[in-house]
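Lettering of chains follows the sequences in order, A, B, ..., and the numbering in each one begins at 1.
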There are 2 protein chains.
Amino acid sequence: MRQSRGHRNLTWNITHDLGVSIVAGEYSSGAAFPTEAELCLKFGASRSVLREAVKMLTAKGLLSARPRQGTRIESEDNWNLLDPDVLGWLLERKFSLALIREFTETRRAFEPQAAYLATQRATDVEKEGIRQALARMKAAEHGDDDPLQSDIAFHVAILKASGNRFFKQLEDLIDSALRCSIRLTNQFKGVRLASIADHGAVLEAIEAGDPDAAQVRMTKMLDEALELITEAENGNNQRLAARQAAAN
Amino acid sequence: MRQSRGHRNLTWNITHDLGVSIVAGEYSSGAAFPTEAELCLKFGASRSVLREAVKMLTAKGLLSARPRQGTRIESEDNWNLLDPDVLGWLLERKFSLALIREFTETRRAFEPQAAYLATQRATDVEKEGIRQALARMKAAEHGDDDPLQSDIAFHVAILKASGNRFFKQLEDLIDSALRCSIRLTNQFKGVRLASIADHGAVLEAIEAGDPDAAQVRMTKMLDEALELITEAENGNNQRLAARQAAAN
DNA sequence: ATAGCATATTTATCATATAATTAAGAAGGC
DNA sequence: GCCTTCTTAATTATATGATAAATATGCTAT
């Protein structure tokens, strides 16, 4: 989805490598980032390339540089978490239930209102997009489509139909996060994707022109997701406790 | 707030200039962006600088470049609207009620839930921050503080207290957008900042540990803001209609 | 017409030199 | 001793020129 942008040149590869390393905490925040020359050596590339990579990471809030002082990792507060690349890098290497929970809380804020707005503003084409996504989910039940892909498609279709540019920005983020959450689904038996019935109810409300119902239905779905994440977090804690008990 | 990052060097200035021009539509989307050499000439700077500026804009989704094909403006869908710089550039030159409305819809999604979460998670320090912001608003009523700044401080304090990293990302965006909306307040007499009573009610709910009330109160406040924006949009439309009528 | 080839244009990468910035230490005055 | 000022050195910032890689475009041969 996003690879259209980074046209896979050396600069972008190094940007990606450094970005992943930084969000994974390989360079302790606040200090100790390699100098230009050191980076050139490390990656075997020219200064132009390294400088451009550093500039891209600066643009995303991960780094800042000043003469004589060197290049520094910005405090995590300044990382542009809502940048699809940054979130993708985080999920790639620093996957954590806490991050997924926070992101799902974000979805719980956005998506119900997107559904609300979609009820009022969706064009026929956009509504058809939602219908098709639901159809894909149904097909996936019988193995004729991918369950995760079709689920993503449904939520993205709602965002698209919201007629709000900021909501549409979340498409890439949802894509990254859900694609990654599949690990969660595999890891914890209790966690499953929301049911087709729940998704269908949202579409019904939109078709019926009932914004409040659409909002409520979507909220319900995300509350369920949050519940499952909480369960998984508790499961993790129990496992940790068990491990500690075993160690004693 | 954000100037900590861009340390005001030539590269950043040119990035800013180009960014503003792009979002203002000076280069028609899809084609006709100057070549490296042309940009050097235009800005009287070296290729290094221009290349780094273009990379930063690429990182924010405004541009994409390929050999032989040249550098292109990305479709607006791909602009990282949730990047504080990009939103700032848009508001700086392309201020529109539609954008403010869409952003306020976004706030209506985020802030009520931030208030909800803050009720459960805010630390004492964070709660104190909210109290102080409200105190500043009260002081502003008597001319002892800035009304806009204190209003911004209040909303940012709630986001900070949400304990959710994604919500905290909105701080810079709110700051940019509200700082800009003051034009709206000046332009349309009907539009005013939400009352201290409304803000106080949110704080009360948080202090009382009532998340639902906090959420409802915050929603109410943003609904009022949306109403005022709608009024302003209607006013604009009427003015347009009047102008057209006068032209006939 | 179609496939393959040549060419020219643009960005991508490399290399090197110089300037600007500023932290840290040295020197000097009180 | 302590403060101020100057010097120095380290690092990024900027400039320039050269070469490589990618690829639209048009040409050629069949």
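Both A:P67 and B:R66 lie near DNA chain C, and the one whose nearest nucleotide falls closer to the 5' end is B:R66.
Looking at residues two or more places apart in sequence or on another chain, you find a ring-ring contact (aromatic ring centres under 6.0 Å, His included) between A:F110 and A:F167, B:F110. Remark: A:R121 pairs with B:E105 by the side-chain hydrogen bond (donor to acceptor under 3.5 Å, both in side chains) rule, at least two apart or across chains. Considering only residues two or more places apart in sequence or on other chains, B:R66 meets the side-chain hydrogen bond (donor to acceptor under 3.5 Å, both in side chains) condition with none of them. Not counting sequence neighbours, A:Q69 has no partner by the side-chain hydrogen bond (donor to acceptor under 3.5 Å, both in side chains) test. Residues passing the salt bridge (charged side-chain N to carboxylate O under 4.0 Å, His left out) test with A:R68: none are found, sequence neighbours excluded. With sequence neighbours excluded, the residues forming a side-chain hydrogen bond (donor to acceptor under 3.5 Å, both in side chains) with A:K42 are A:Y27, listed by chain and number.
Taking every heavy atom of residues 38-52 of chain A and every atom of DNA chain C, pairs under 4.0 Å involve A:A45, A:S46, A:R47, A:S48, A:V49, by number. Within residues 13-23 of chain A, no residue approaches DNA chain C, by heavy-atom distance under 4.0 Å.
Counting all heavy atoms, side chain and backbone alike, B:F33 lies closest to B:T71 at CB-O, 3.2 Å. Scanning all heavy atoms of the two residues, the minimum distance from A:A59 to A:N80 falls at O-ND2, 3.8 Å.
Heavy-atom contacts of chain A under 4.0 Å fall on DNA chain D between two terminal nucleotides, which in 5' to 3' order are D:dA9 to D:dT14. Scanning DNA chain C 5' to 3' for nucleotides with an atom closer than 4.0 angstrom to a non-hydrogen atom of chain A gives a first and last hit of C:dA12 to C:dA24.
Comparing the axis of the opening five pairs of the helix from C:dA1-D:dT30 to C:dC30-D:dG1 with that of the closing five pairs yields an angle of 0°, rounded to 10°.
Between A:K60 and A:W79 the shortest side-chain heavy-atom distance does not fall below 4.5 Å. Inter-residue side-chain proximity for B:L159 and B:F166 is flagged as unmet; no heavy-atom pair is nearer than 4.5 Å. Looking at heavy atoms from C-beta onward, B:W89 lies in side-chain contact with B:L62 at the 4.5 angstrom threshold.
No donor-acceptor pair closer than 3.5 Å links the side chain of B:E52 to the backbone N or O of B:T11.
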Just list the side-chain donor-acceptor pairs under 3.5 Å for residues 122-129 of chain B, sequence neighbours left out, or say none.
from	atom 1	to	atom 2	distance (Å)
B:T123	OG1	B:E126	N	3.1
B:T123	OG1	B:E126	OE1	3.4
B:E126	OE1	B:T123	N	2.9
B:E128	OE1	B:R131	NH1	2.5
B:E128	OE2	B:Q132	NE2	3.4

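Classification of B:E102 and A:K168 as a salt-bridged pair fails, no side-chain N sitting under 4.0 Å from a carboxylate O.
Looking only at atom types and distance, the side chain of A:D151 has a donor-acceptor partner in the side chain of A:H199 under 3.5 Å away.
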